[in-house]
Amino acid sequence: MFSAVAGLMACAAARVLRPAYLPATCSPAGAQLAAELKLAYQRAVIEGYQATRQLMEKRPKKGEKHALASRDIAGNVNAVSVQFAKAASTLDPDGIASELIRLFCVGVPHMNELDNQRRVATVWSALLAPEVVMREKHGRSIALQGLVEIAAQWLEGGTTPAAKEAHASSDTKFISAHPARTYELLTDAAKQHGLDHMKLLSSVIEPVILPLGQYVGARQAAAGVKVDMSGQEPEQKETK
């Protein structure tokens with residue numbers, strides 16, 4: 001009994017002494033998982049680009065009056081960016097997270113289940129909380145591509161750059177712990193149920209990041225960007 005109580009006290013003390021934005025432990029596999037996420041995102045960008053280019057170049061079948069015009073496709077793609085930018089500049093973390101689900105997770109496997117939507121939105125709300133505070137404090141914008149770096153940093157170290165920055169200032173320190181606390185809660189839940197906690201962390205990140213990559217690729221295609229996929233890294237050239 002004494003050892004159990006002592007262990008709990010030591011754990012509590014460690015949580016008090018360490019910086020508030022850092023989780024108690026981060027998996028050594030976190031860096032590898034973050035790298036894999038970035039690679040999966042790049043592949044999703046290419047998939048979105050290719051699919052949109054094919055759609056834009058598709059000719060109407062015999063008997064059809066017209067095909068979907070390229071300008072209509074570009075308009076639809078750009079409208080999503082406008083909607084996100086509006087949400088990111090005006091909504092709170094919960095609102096932005098809900099907008100992410102609505103804009104990018106339509107058709108994602110298992111995301112038609114309300115419980116999964118709530119789980120993903122709750123985690124992303126925690127990750128976006130420091131971003132929103134920094135937006136209000138410094139007038140910064142929250143960019144689509146920035147979500148990838150937020151997710152990768154969180155998987156690797158249990159926190160985000162904005163959370164670290166928020167922790168350094170007394171007036172924003174209160175919000176800096178949100179990403180780390182969420183990381184810890186998911187890790188503890190995974191251990192309790194005998195799950196791979198890195199897979200659990202990925203399960204709340206990938207439903208947003210992979211469709212986001214497909215969208216970014218579609219936006220490149222709609223903007224007339226030419227992508228050379230002959231090398232390992234896509235090379236983008238503006239169409240003259």
Side-chain angles (χ1 to χ4, degrees), residues 33-91 95-112 116-117 120-121 124 127-128 131 140-155 202-240:
L33 186 61
E36 290 174 355
L37 177 72
K38 291 181 178 180
L39 182 59
Y41 168 78
Q42 289 297 329
R43 288 171 178 164
V45 171
I46 293 174
E47 290 173 3
Y49 176 86
Q50 291 175 327
T52 304
R53 288 298 306 171
Q54 290 174 3
L55 185 61
M56 295 176 74
E57 294 169 359
K58 184 178 179 181
R59 296 183 179 277
K61 294 181 181 179
K62 188 175 181 180
E64 290 182 343
K65 292 184 177 179
H66 59 82
L68 190 62
S70 294
R71 64 177 179 275
D72 298 325
I73 297 172
N76 291 336
V77 170
N78 292 330
V80 174
S81 185
V82 171
Q83 286 174 281
F84 175 80
K86 183 177 180 181
S89 64
T90 60
L91 296 180
I96 301 174
S98 297
E99 189 71 359
L100 284 173
I101 299 296
R102 190 182 72 82
L103 289 175
F104 300 113
C105 295
V106 176
V108 175
H110 310 301
M111 286 305 291
N112 59 332
N116 287 336
Q117 291 180 12
V120 173
W124 274 98
L127 300 188
L128 288 164
E131 304 289 333
R140 297 177 186 170
S141 60
I142 300 174
L144 278 174
Q145 284 87 336
L147 299 178
V148 181
E149 190 61 30
I150 291 171
Q153 290 275 351
W154 184 68
L155 290 173
S202 294
S203 72
V204 294
I205 294 298
E206 289 187 353
V208 170
I209 293 300
L210 298 187
L212 172 63
Q214 292 176 341
Y215 167 75
V216 170
R219 193 170 65 179
Q220 290 177 348
V225 176
K226 284 188 176 180
V227 178
D228 179 10
M229 289 175 286
S230 59
Q232 293 183 351
E233 294 293 335
E235 180 183 352
Q236 300 175 9
K237 296 180 180 179
E238 293 290 340
T239 304
K240 293 183 179 181

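- Rounding to the nearest 0.5 angstrom, the gap separating the CD1 atom in Ile73 from the CD atom in Glu57 is 10.0 Å.
- Remark: Leu210 pairs with Ala40, Glu206 by the side-chain contact (heavy atoms from CB on, under 4.5 Å) rule, at least two apart or across chains.
- To the nearest 0.5 Å, atom CG of residue Leu33 and atom CG of residue Leu155 are 5.0 Å apart.
- Inter-residue side-chain proximity for Tyr41 and Gln145 is flagged as met; some heavy-atom pair is nearer than 4.5 Å.
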Taking only distance into account, with no hydrogens and no angle test, what donor-acceptor pairs under 3.5 Å do side-chain atoms of residues 146-153 form with protein atoms, sequence neighbours excluded?
residue: Glu149; atom: OE2; partner: Gln153; partner atom: NE2; Å: 3.0

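- In this view, Trp124 satisfies the ring pair (Phe, Tyr, Trp, His ring centres under 6.0 Å) rule with no residue, not counting sequence neighbours.
- Residues forming a side-chain contact (heavy atoms from CB on, under 4.5 Å) with Arg43 (at least two apart in sequence, or on another chain): Leu39.
- Partners of Ser98 according to the side-chain contact (heavy atoms from CB on, under 4.5 Å) rule, which considers only residues two or more places apart in sequence or in another chain, do not exist here.
- Residues meeting the side-chain hydrogen bond (donor to acceptor under 3.5 Å, both in side chains) test with Ser202, sequence neighbours left out: none.
- With sequence neighbours left out, Ala44 forms a side-chain contact (heavy atoms from CB on, under 4.5 Å) with Gln214.
- From Asn116, atom CG reaches atom CD1 of Ile101 across 9.5 Å, with rounding to the nearest 0.5 Å.
- Applying the side-chain hydrogen bond (donor to acceptor under 3.5 Å, both in side chains) test to pairs two or more places apart or on separate chains, those with a residue in residues 79-90 are Ser81-Arg219.
- Atoms CG and SG, on Asn112 and Cys105 in that order, are 11.5 Å from each other to the nearest 0.5 Å.
- With sequence neighbours left out, the side-chain hydrogen bond (donor to acceptor under 3.5 Å, both in side chains) criterion links Gln54 to no other residue.
- Considering CZ of Arg71 and CG of Asn78, their distance stands at 14.5 Å, rounded to 0.5 Å.
- The shortest non-hydrogen separation linking Leu100 to Leu128 is CD1-CD1, 4.0 Å.
- A search for ring pair (Phe, Tyr, Trp, His ring centres under 6.0 Å) contacts involving Phe84 returns nothing, not counting sequence neighbours.
- Side-chain contact check for Leu103 versus Tyr215: every heavy-atom pair is 4.5 Å or farther apart.
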